[in-house]
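Comments concern the structure below.
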Amino acid sequence: MKILITGAAGRLARLVLPRLLADERIERVYGVDLQPIPLEHPRLTAVRADIRDPECLELLEVADVLVHMAFVLMGGGLGRARHDRAAVRAVNVAGSHLLMGAAVEAGVGRIVFVSSAAVYGTWPDLPEPVSESQPLRPLPGFSYGEDKAAVETWLDGLEAANPYLHLIRLRPHAILGPNAHPMLLRLLHQPLVPWLSRPLPRTQCVWEDDVAEALHLSLFTAARGAFNLAADPPMPLRDMVRLNRRLTLPVPLALLDLGHRIAWRFSPAVGEPGWVKGLRHSLVLDTRRAWEELGWRARRDTHRCVKYEG
């Protein structure tokens with residue numbers, strides 16, 4: 001098996017690549033990223049390119065599987081262009097369309113797309129837990145969720161037009177671990193929490209190694225479709241923060257949102273606008289399908305994910 005992986009220098013790829021290169025069933029891994037890949041291996045070919053570049057698209061001619069992980073997250077890597085919605089969509093949505101459309105034309109038989117639980121949004125009428133059959137309704141203004149949902153909607157048409165295509169979509173909740181996005185780690189260690197009415201909304205996370213395992217399983221499974229990935233038990237954000245800090249300070253959500261939007265003007269470190277409003281309602285995933293069809297289950301529970309200290 002020959003695999004083309006985009007976003008190969010990213011945070012999740014630091015777990016995925018060693019796992020795949022240790023699997024003797026995988027003959028060659030082609031890693032594509034604009035940044036250098038901090039790993040060398042006899043079966044790894046590193047290519048510094050954009051997913052829209054010919055150097056990347058030409059590799060699809062020799063690949064059996066495409067694993068698409070490249071995505072602009074929280075404005076990272078775009079500098080001031082992070083405020084340009086069209087520039088972000090050009091990479092995330094149009095770039096994904098070009099890449100995966102070219103993969104089908106090249107005869108790639110399996111595509112694994114790393115999506116996100118953000119495609120569901122957080123809404124007062126959202127069921128708990130959320131199954132993979134739930135319609136996609138990302139939060140307006142949260143471009144990461146909007147773009148993931150846009151790609152998934154486009155994939156519906158690609159899959160319908162190519163019934164031979166083995167398409168898998170992984171929808172992980174917030175990914176934690178040593179390689180987690182710094183904003184998530186700061187969120188869990190600072191004292192401010194949203195001041196909300198009871199019962200407090202609940203959320204989840206998932207350990208990075210568990211996500212890497214799900215991706216590995218996706219390369220060989222007969223199952224197809226979407227799979228939620230999350231750890232249990234669900235918890236209010238306040239309780240997650242209290243696992244790391246004894247005292248917390250409740251702040252009105254509107255004030256948190258305003259402060260966040262101001263900070264976003266000056267730094268991408270706080271994450272893009274939109275996600276703070278998502279704290280108002282629960283987002284709890286049903287992961288039974290991943291267990292029954294992928295043979296996947298989160299090995300690290302929520303407490304151990306949140307309280308990781310290195």
Side-chain angles (χ1 to χ4, degrees), residues 7 10-19 69 71 73-74 76 114-122 126 128-132 142 144-145 148 169-194 196 199-218 226-248 269-271 275-276 278-279 281-291 294-310:
R11 300 178 186 281
L12 182 58
R14 297 170 194 173
L15 285 299
V16 170
L17 285 178
R19 181 182 291 266
M69 299 193 297
F71 226 73
L73 171 61
M74 302 180 186
V114 180
S115 186
S116 168
V119 298
Y120 299 119
T122 56
L126 198 65
E128 187 176 322
V130 177
S131 73
E132 290 85 352
F142 185 30
Y144 180 73
K148 290 287 190 182
R169 315 161 196 220
L170 301 178
R171 295 173 181 168
H173 221 304
I175 302 175
L176 296 180
N179 299 289
H181 194 283
M183 190 214 73
L184 293 175
L185 299 178
R186 284 193 297 270
L187 176 65
L188 294 171
H189 287 81
Q190 53 76 49
L192 304 181
V193 296
L196 300 169
L200 293 175
R202 302 191 302 164
T203 189
Q204 288 169 295
C205 56
V206 63
W207 191 246
E208 57 186 18
D209 288 286
D210 288 337
V211 179
E213 180 187 15
L215 193 153
H216 193 188
L217 290 169
S218 298
F227 296 93
N228 291 336
L229 307 176
D232 286 318
M235 298 173 63
L237 176 61
R238 182 203 64 181
D239 293 352
M240 289 184 174
V241 173
R242 285 181 176 176
L243 289 174
N244 295 305
R245 299 187 68 101
R246 180 173 300 178
L247 299 177
T248 57
V270 299
W275 70 266
V276 174
L279 301 177
H281 303 292
S282 294
L283 179 55
V284 177
L285 303 185
D286 183 344
T287 61
R288 287 177 296 177
R289 186 165 190 263
W291 167 243
L294 272 187
W296 179 91
R297 180 172 289 176
R299 298 183 180 183
R300 183 177 286 241
D301 65 19
T302 306
H303 294 81
R304 294 175 61 215
C305 290
V306 171
K307 203 167 173 54
Y308 170 76
E309 296 177 352

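Positions are given from 1, in the same order as the sequence printed here.
- Formation of a donor-acceptor pair under 3.5 Å by the Asp209 side chain with backbone atoms of Leu15 is not found in this model.
- Taking the side chain as every heavy atom from C-beta outward, Leu126 and His281 never approach each other to under 4.5 Å.
- Each of Val211, Asp210, Leu285, Thr287 was compared with Leu229 under the side chain to side chain contact (heavy atoms under 4.5 Å, CB included) criterion, and only Val211 meets it.
- Looking only at atom types and distance, the side chain of Arg242 has a donor-acceptor partner in the side chain of Thr248 under 3.5 Å away.
- To the nearest 0.5 angstrom, Thr203 atom OG1 is 5.5 Å from Met240 atom CE.
- Formation of a donor-acceptor pair under 3.5 Å by the Thr122 side chain with backbone atoms of Ser282 is not found in this model.
- Distance alone, capped at 3.5 Å, is enough to place a donor-acceptor pair between the Gln204 side chain and the Ala231 backbone.
- With contacts defined as side-chain heavy-atom distances shorter than 4.5 Å, the pair Arg299/Trp207 does not qualify.
- Among the candidates Leu196, Leu200, Leu279, the single residue satisfying the side chain to side chain contact (heavy atoms under 4.5 Å, CB included) test with Arg238 is Leu200.
- Around atom CZ of Arg186, more than 12 heavy atoms belonging to other residues, nucleotides or ligands sit under 6.0 Å away.
- At least one side-chain heavy atom of Pro182 sits under 4.5 Å from a side-chain heavy atom of Arg11.
- Using a 4.5 Å heavy-atom cutoff, the side chains of Met235 and His303 are in contact.
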